[in-house]
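The structure under discussion is supplied below as structure tokens; questions concerning it will follow.
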Amino acid sequence: MSKTNQPAWLDNAVFYEIYPQSFCDSNGDGIGDFNGIIGKLDYIKELGCNAIWMNPCFESPFGDAGYDVSDYYQAAPRYGTNEDLKRLFREVHKRGMHILLDLVPGHTSVEHKWFRESMKAEKNEFTDRYVWTDSIWESPEGMGCIRGISDRDGSCAVNFFSHQPALNYGFYKPDPDKKWQQPMDSDGAQATLGELKNIMRFWLGMGCDGFRVDMAGSLVKHDEDGKGTIKLWQNVREFLDNEFPEAAMVSEWGEPDKSLLGGFHMDFLLHFGPSHYNDLFRCDEPFFSKRGNGDVSEFVKKYIENYEKSDKKGLICIPSGNHDMDRLARGCYENDLKTAFAFLLSMPGAPFIYYGDEIGMRYVENLASVEGGYGRTGSRSPMQWDNSTNAGFSSAPSDKLYIKQDDRPDRPTVKSQSSDENSLYSEIKRLIAVRQSHPALQSRGEIKFLYAEKNTYPLAYLRSAENERILVIINPSDRATSFDCEYSLKEKIYSVGSGLSVDNGKITVPPCFAGYFEV
Ligand code: NOJ
């Protein structure tokens with residue numbers, strides 16, 4: 001534990017997100033599995049990542065890629081057994097790395113036995129496990145619902161897709177006229193919370209290092225300011241502090257002032273909500289584009305707001321992408337990607353690299369939806385390892401792959417990129433190594449933005465920790481640009497591109513450049 005009550009390993013963690021379906025298939029059935037992942041751990045370590053977030057791997061009908069759990073205590077057979085998963089944990093630890101599982105606390109699959117019991121008209125142990133109204137004719141306000149599929153006279157709130165019924169953690173301020181809105185301390189809500197702790201206890205006991213928590217801010221209903229949900233997570237925090245003080249918790253919440261208060265160690269910056277994250281890489285004119293028509297200022301404004309609100313803890317994780325967004329390489333190309341990673345790998349919080357982004361894997365266009373992916377399916381195609389069959393992902397016949405691969409002849413692979421010093425992969429590997437050897441660039445180093453003007457380049461910020469101060473200057477555009485800087489540059493620590501010049505406090509930044517300088 002560091003002095004800040006957070007597991008020390010998070011301070012210099014660089015995460016790699018594994019989407020287990022698509023990473024590596026060891027048994028030739030066309031879909032990835034735990035043993036496939038184990039076989040690739042050395043690859044992840046070699047890249048420099050020291051932590052893994054693995055998407056849900058529990059029993060599920062996979063109507064939402066496993067975010068529709070039907071048994072929280074069982075690994076999905078298509079990935080392997082609980083024993084295989086335990087071995088994965090051990091193999092990760094053997095390499096000095098850590099692994100977070102994906103915890104889906106807000107909803108289950110309609111196939112979960114709790115829901116099957118809960119649907120029954122007769123009262124039973126699971127009657128209050130989900131959020132039900134007490135008449136089929138009444139919908140839970142502000143939420144979608146499932147109704148008319150069993151004899152139970154009620155409508156059940158859903159959290160995401162209509163096959164994902166919402167678990168009952170209670171209402172922050174239940175409406176006294178609606179008896180079905182149970183308070184947070186009701187028996188039903190408390191039983192759900194107790195079960196959530198059991199699930200966490202089970203997997204932490206098996207050896208995982210913590211959780212990325214799905215839709216963490218959504219648990220308590222009618223809770224606009226998140227006060228109830230914060231309270232709930234504080235309760236979980238207490239349980240963890242007592243039983244698993246080393247467990248790491250990262251939230252999919254997008255409001256660090258709330259999630260950190262709830263006891264999470266880190267929160268994600270997300271592609272939805274007011275974050276302006278999309279201004280960076282995923283809009284018509286992203287900032288990270290050599291066209292140079294982007295605007296980073298709104299993103300920075302929002303980032304600073306969150307940074308201040310979270311007490312300058314800065315534990316906001318900025319992912320390169322994830323299984324819900326377009327591939328980074330859909331809107332950014334070649335040098336854009338290099339400068340993008342120079343940014344991602346020099347920001348506070350832990351960076352998250354979505355599998356394949358390190359080789360610039362592309363979004364596969366025009367795919368039919370798989371496992372509830374819809375437009376997300378193109379970002380979930382199987383990993384491209386080498387030039388063997390199915391790019392080394394699987395020995396199954398190509399038409400048996402559960403998602404079609406990028407079949408363009410120039411598709412990037414790990415093999416081609418790792419043998420090329422100028423590739424994106426090699427650049428990222430160097431950038432991670434630089435981050436790992438400079439505390440100022442790591443999770444807890446402070447950040448001060450020096451230049452982030454509207455519709456203008458470059459972006460410049462100062463990172464600092466103890467005696468180290470590093471100035472980061474990034475100009476993704478294909479035009480040279482300059483800014484006035486009060487700091488004098490000492491040594492160059494690293495750069496993508498070259499040719500920066502300083503004259504009398506004015507720094508001129510060459511096109512497509514990113515550099516880290518000691519000041
Ligand atoms: C967020 C997950 O990242 C996404 O993939 C999933 O569909 C929803 N939550 C629902 O669990």
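Counting starts at 1 for both ligands and their atoms, following the listed order. Computation of the quantities below employed the complete heavy-atom set of this structure, encompassing side-chain atoms and omitting hydrogens, waters and symmetry-equivalent molecules. Since the structure is predicted, the reported quantities are computational estimates derived from the model, not experimental observations.
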So does Lys197 pair up with Glu243, basic N to acidic O under 4.0 Å? no
In Phe352, Phe268, Tyr355, the residue satisfying ring pair (Phe, Tyr, Trp, His ring centres under 6.0 Å) with Phe15 is Phe352
Out of Phe244, Phe58, Tyr72, which one pairs with Trp203 under the ring pair (Phe, Tyr, Trp, His ring centres under 6.0 Å) rule? Phe58
Crowded around Glu365 CD? As in, over 12 foreign heavy atoms under 6.0 Å? yes
Ring centres under 6.0 Å, that's the criterion: do Tyr354 and Trp53 meet it? no
Are any protein N/O atoms closer than 3.5 Å to the N/O atoms of ligand 1? If there are, list each pair with names and the distance to one decimal place.
{"residue": "ligand 1", "atom": "3 (O)", "partner": "Arg212", "partner atom": "NH2", "Å": "3.2"}
{"residue": "ligand 1", "atom": "3 (O)", "partner": "His323", "partner atom": "NE2", "Å": "2.8"}
{"residue": "ligand 1", "atom": "3 (O)", "partner": "Asp324", "partner atom": "OD2", "Å": "2.5"}
{"residue": "ligand 1", "atom": "5 (O)", "partner": "His323", "partner atom": "NE2", "Å": "3.0"}
{"residue": "ligand 1", "atom": "5 (O)", "partner": "Asp324", "partner atom": "OD1", "Å": "2.7"}
{"residue": "ligand 1", "atom": "5 (O)", "partner": "Asp324", "partner atom": "OD2", "Å": "3.4"}
{"residue": "ligand 1", "atom": "5 (O)", "partner": "Arg376", "partner atom": "NH1", "Å": "3.3"}
{"residue": "ligand 1", "atom": "7 (O)", "partner": "Asp64", "partner atom": "OD1", "Å": "3.0"}
{"residue": "ligand 1", "atom": "7 (O)", "partner": "Asp64", "partner atom": "OD2", "Å": "2.7"}
{"residue": "ligand 1", "atom": "7 (O)", "partner": "Arg376", "partner atom": "NH1", "Å": "3.0"}
{"residue": "ligand 1", "atom": "9 (N)", "partner": "Asp214", "partner atom": "OD1", "Å": "2.8"}
{"residue": "ligand 1", "atom": "9 (N)", "partner": "Asp214", "partner atom": "OD2", "Å": "3.4"}
{"residue": "ligand 1", "atom": "11 (O)", "partner": "His107", "partner atom": "NE2", "Å": "3.0"}
{"residue": "ligand 1", "atom": "11 (O)", "partner": "Asp214", "partner atom": "OD2", "Å": "2.8"}

Lys/Arg-Asp/Glu bridge criterion (N-O < 4.0 Å) met for Arg95, Asp42: yes
